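Here the structure comes first, spelled out in structure tokens, and everything after it is commentary.
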Amino acid sequence: MTDFVVAIDGPAGSGKSSVSRASARALGFDYQDTGAAYRALAWACIERGVDPQDPSDVIDALETFEYSIGIDPDDYFVRVGSETVTREIREPRVTTMVSAVARIPEVRAYLVELFRSIIAASTKPGIVVEGRDITTVVAPDADVRILLTAAEEVRMGRRSAELPGESAETTARQLASRDAQDSRVVDFMNAADGVTTVDSSDLDFDQTVSAVVSLVHAAQTSAESTPH
Ligand code: DC
């Protein structure tokens, strides 16, 4: 079982996924993207004709939800049953439905346990886990807890660069509306006690990864110098 957990939360467009994955790679750690599970469940509902807005049907769908994710940062995949859905879960039809699924308390309770079992199954020296409630609910005792933020206009600019087919206005509207819906369920805009905020507004990608890696090295050094 891994003995070093890095918890990273933040809003959409903060660069959380790519920064977490690159940090894990630099550290020789595993990487768990938790948003992928909410997306995979929303995808499974859509495919099976389950209305993601109907909590009791979504809860029933959990019983046959067979989810797996690659946690090696160099071998990322998401599967539902035997179907690989790595790309499909990023489609707009899933993105617009995912908040409805993520706000169901039974879904959250189920997935939180699943995330913990995936953390426990890691055999690397550590794991970087990213999402919205990792620092507060999934792994509140993590060795390093980070809130990765960026100014709203910076996040919108980055998201829009990732989706060249969409107009900047559409992307901005969708991002603001998803943040508004998601932040009613978990507060990922304000750092909880003991959580370090890394504001990437004025940092490029490599500088943001370095900031995360430095926080991990500092925590490892202080753990080594603290007598047990
Ligand atoms: O990070 P993402 O965009 O892939 O997340 C997809 C959705 O899942 C997002 O709308 C919020 C939700 N989510 C959550 O509620 N808790 C998490 N730990 C991760 C994601």
Side-chain angles (χ1 to χ4, degrees), residues 7-17 19-20 32-46 50-62 65 67 69 78 89-116 129-142 145-160 162-163 166 168-201:
I8 303 186
D9 288 327
S14 61
K16 224 173 359 120
S17 300
V19 167
S20 298
Q32 186 182 179
D33 161 15
T34 61
Y38 290 97
R39 289 174 175 274
L41 180 61
W43 175 87
C45 288
I46 296 167
V50 170
D51 179 3
Q53 312 274 0
D54 184 328
S56 66
D57 285 359
V58 177
I59 294 164
D60 286 348
L62 272 180
F65 180 57
Y67 171 77
I69 186 163
V78 179
I89 61 166
R90 308 281 152 202
E91 288 171 3
R93 68 190 178 115
V94 174
T95 304
T96 52
M97 286 300 174
V98 66
S99 300
V101 166
R103 84 167 75 94
I104 303 169
E106 289 84 348
V107 166
R108 302 199 69 81
Y110 179 89
L111 291 184
V112 165
E113 286 309 317
L114 183 72
F115 299 149
R116 289 180 181 151
V129 188
E130 57 101 347
R132 303 287 194 288
D133 61 348
I134 313 305
T135 62
T136 51
V137 179
V138 175
D141 298 328
R145 294 156 74 218
I146 296 171
L147 181 70
L148 188 60
T149 58
E152 194 174 65
E153 62 274 18
V154 173
R155 297 193 288 112
M156 288 175 177
R158 285 180 188 158
R159 184 46 58 99
S160 163
E162 282 169 16
L163 300 168
E166 298 272 0
E169 292 73 36
T170 309
T171 308
R173 200 169 356 94
Q174 286 170 349
L175 190 114
S177 120
R178 193 148 68 92
D179 277 348
Q181 289 188 52
D182 291 337
S183 60
R184 278 190 299 194
V185 184
V186 230
D187 179 8
F188 49 79
M189 293 301 206
N190 300 294
D193 274 357
V195 174
T196 307
T197 299
V198 172
D199 184 340
S200 71
S201 307

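All values derive from a computational prediction rather than experimental measurement. Below, each value reflects all heavy atoms present in this structure, side chains not excepted, and no hydrogens, waters or symmetry copies.
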(request) Using distance alone, with no hydrogens and no angle criterion, decide if Asp33 and Ser17 have a side-chain donor and acceptor under 3.5 Å apart. (result) no
First locate atom [atom1] of [X], then atom [atom2] of [Y], and finally report the distance between them rounded to the nearest 0.5 Å.
X: Ile46; Y: Ile89; atom1: CD1; atom2: CD1; value: 11.5 Å
X: Ile8; Y: Gln32; atom1: CD1; atom2: CD; value: 12.5 Å
X: Glu130; Y: Thr135; atom1: CD; atom2: OG1; value: 12.5 Å
X: Met189; Y: Thr149; atom1: CE; atom2: OG1; value: 9.0 Å

Quick one: does [X]'s side chain get under 4.5 Å of [Y]'s, heavy atoms only?
X: Arg173; Y: Arg178; value: no
X: Asp9; Y: Leu148; value: no
X: Arg108; Y: Asp133; value: yes

(message) Could you report the tightest heavy-atom contact between Asp199 and Ala151, atom names first, then the distance?
(response) OD1-N, 4.4 Å
(request) Return the set of residues passing side chain to side chain donor-acceptor pair (under 3.5 Å) with Asp179 (not counting sequence neighbours), or none when no residue passes. (result) Arg155
(request) Answer yes when Arg103 and Asp182 have at least one side-chain N-carboxylate O distance shorter than 4.0 Å, and no when they do not. (result) no
(request) Test side chain to side chain donor-acceptor pair (under 3.5 Å) on Ser14 and Arg159 and set out the steps. (result) CA-CA 9 Å; Ser14 61; Arg159 184 46 58 99; over 6 Å; no
